[in-house]
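Whatever order the structure lists them in is the order used to number ligands and atoms, beginning at 1.
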Amino acid sequence: MRTIKWQNGTVVTLDQTKLPSEETFLEIKTIDQMTEAIKNMRIRGAPLLGAAAAFGIAIAAHNSKAETKQQFLSEIEEAATKIKSTRPTAVNLFWAADRILRKAKKEETSNISNLKSLIIDEAQKIADEDAQQNRQIGKNGARLIKDGDTILTHCNAGELATVEYGTALAVIRAAWEEGKKIKVIADETRPLLQGARLTAYELKRDGIPVTLITDNMAAHVMKKGLVNIVIVGADRIVQDAVFNKIGTYGVAVLAKEHNIPFYVAAPKSTFDLSHKSNEVTIEERNPEEVTHIGSKQIAPSGIKVLNPAFDATPLEYISGIIHEDGIYYKEDFAKFKNYQTQQI
Ligand code: MRU
């Protein structure tokens, strides 16, 4: 299923804050509606944020009343700036916005209608590529999964986090489609419960056996020998670490302690090898996400709260990174420091 679609100037996508109880579709028609949807996590997950960023700028292009190319380009830049101010950690959002901007700027035509079409086509291309790359990630990763394996995953790196098929869940889906009898353990992923609300929903819907645990049960299930492999997604992969949903680092440390392989699955649009982990901004979200579950308050009013949305797992904890062209293993990680796009 496509999670995001362009329909004549409207972006149609599921409101993920309403899942699993309601399947409500949003019809996004303005750049401000798109930024609101991203900030409030109606749309979330790194690759989907990339597509949403691209379509958000495409909406601005579609709605533009500019009469000159210069005016049009400045509206597009303004839209890209708004998109980039929504959430700081997932690099796909910046990657896609910059790709659209580059495309618009390098065109020689001054015909506004042609420029609009080029931007909309590029956004569609970003979405199509994501769908196709995720299938490849699935195929590349499925060879790591043995018949009978139980895979632990954290957060939601599924169809809902991408344009189609998922990244970590792509590997799980591909292994399942190959006929391997696998099981999944999904961490609930406090505070926003992407594991409980989204991963459990997707896998259950698709008939893939899934068991939900709270985040603090991971050590216990690993010690009991119930986990064969961990696979998670990523929001940004830098020279020395993988950024993903808060709690991922803890799972990686536990996996190492219990000799369980720990893999990351992500498209190359999630790689940001010109940066190191200390240069990345970790989004700090509203304290209410911690003091409340849904609308129910679970902590004293006024309590001090920390709410980082992501953490960084150093590469030494990672057995491999599955991407659309193959798998990087530990010996490949050294290349990340001397990165050239063409070489990775
Ligand atoms: O805050 P979210 O829900 O956008 O965070 C999502 C994650 O951390 C996912 O694991 C990551 O984006 C990988 S998605 C294929």
Closer than 4.0 Å to some heavy atom of [X] - which atoms of ligand 1 meet that?
{"X": "Gln194", "result": "1 (O), 2 (P), 3 (O)"}
{"X": "Met41", "result": "1 (O), 2 (P), 3 (O)"}
{"X": "Ala161", "result": "14 (S), 15 (C)"}
{"X": "Ala46", "result": "12 (O), 14 (S)"}
{"X": "Asn156", "result": "9 (C), 10 (O), 14 (S)"}

Donor-acceptor side-chain pairing of [X] and [Y] below 3.5 angstrom:
{"X": "Gln133", "Y": "Tyr165", "answer": "no"}
{"X": "Glu107", "Y": "Thr109", "answer": "no"}
{"X": "Ser269", "Y": "Asn92", "answer": "yes"}
{"X": "Gln132", "Y": "Asp128", "answer": "no"}
{"X": "Asn244", "Y": "Arg236", "answer": "no"}

*Any idea how Phe55 and Trp6 line up, ring-wise: parallel (<30°), tilted (30 to 60°), or perpendicular (>60°)?*
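Judged by the thresholds at 30° and 60°, the geometry between Phe55 and Trp6 is parallel.
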Considering heavy atoms of the protein only, find what lies nearest to [atom] and give residue, atom and distance to 0.1 Å.
{"atom": "atom 9 (C) of ligand 1", "result": "Asn244 OD1, 3.4 Å"}
{"atom": "atom 6 (C) of ligand 1", "result": "Arg44 NH2, 3.5 Å"}
{"atom": "atom 15 (C) of ligand 1", "result": "Thr167 OG1, 3.0 Å"}
{"atom": "atom 5 (O) of ligand 1", "result": "Lys245 CE, 3.3 Å"}
{"atom": "atom 7 (C) of ligand 1", "result": "Asp235 OD1, 3.3 Å"}

Does the pair [X]/[Y] count as a salt bridge with the N-to-O cut at 4.0 Å?
{"X": "Arg135", "Y": "Glu164", "answer": "yes"}
{"X": "Lys335", "Y": "Asp332", "answer": "yes"}
{"X": "Asp325", "Y": "Lys268", "answer": "yes"}

Can you find a non-hydrogen atom of [X] under 4.0 Å from ligand 1?
{"X": "Thr248", "value": "no"}
{"X": "Pro47", "value": "yes"}
{"X": "Arg87", "value": "yes"}
{"X": "Ala309", "value": "no"}

_Restricting to non-hydrogen atoms, name the atom on Ala266 and the atom on Ile237 that form the minimum distance, rounded to 0.1 Å._
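Answer, listing the atom of Ala266 first, then Ile237: CB-CD1, 3.9 Å.
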*Report yes if Gly233 has an N/O atom closer than 3.5 Å to an N/O atom of ligand 1; otherwise report no.*
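Among all N and O atoms of Gly233, none is under 3.5 Å from an N or O of ligand 1.
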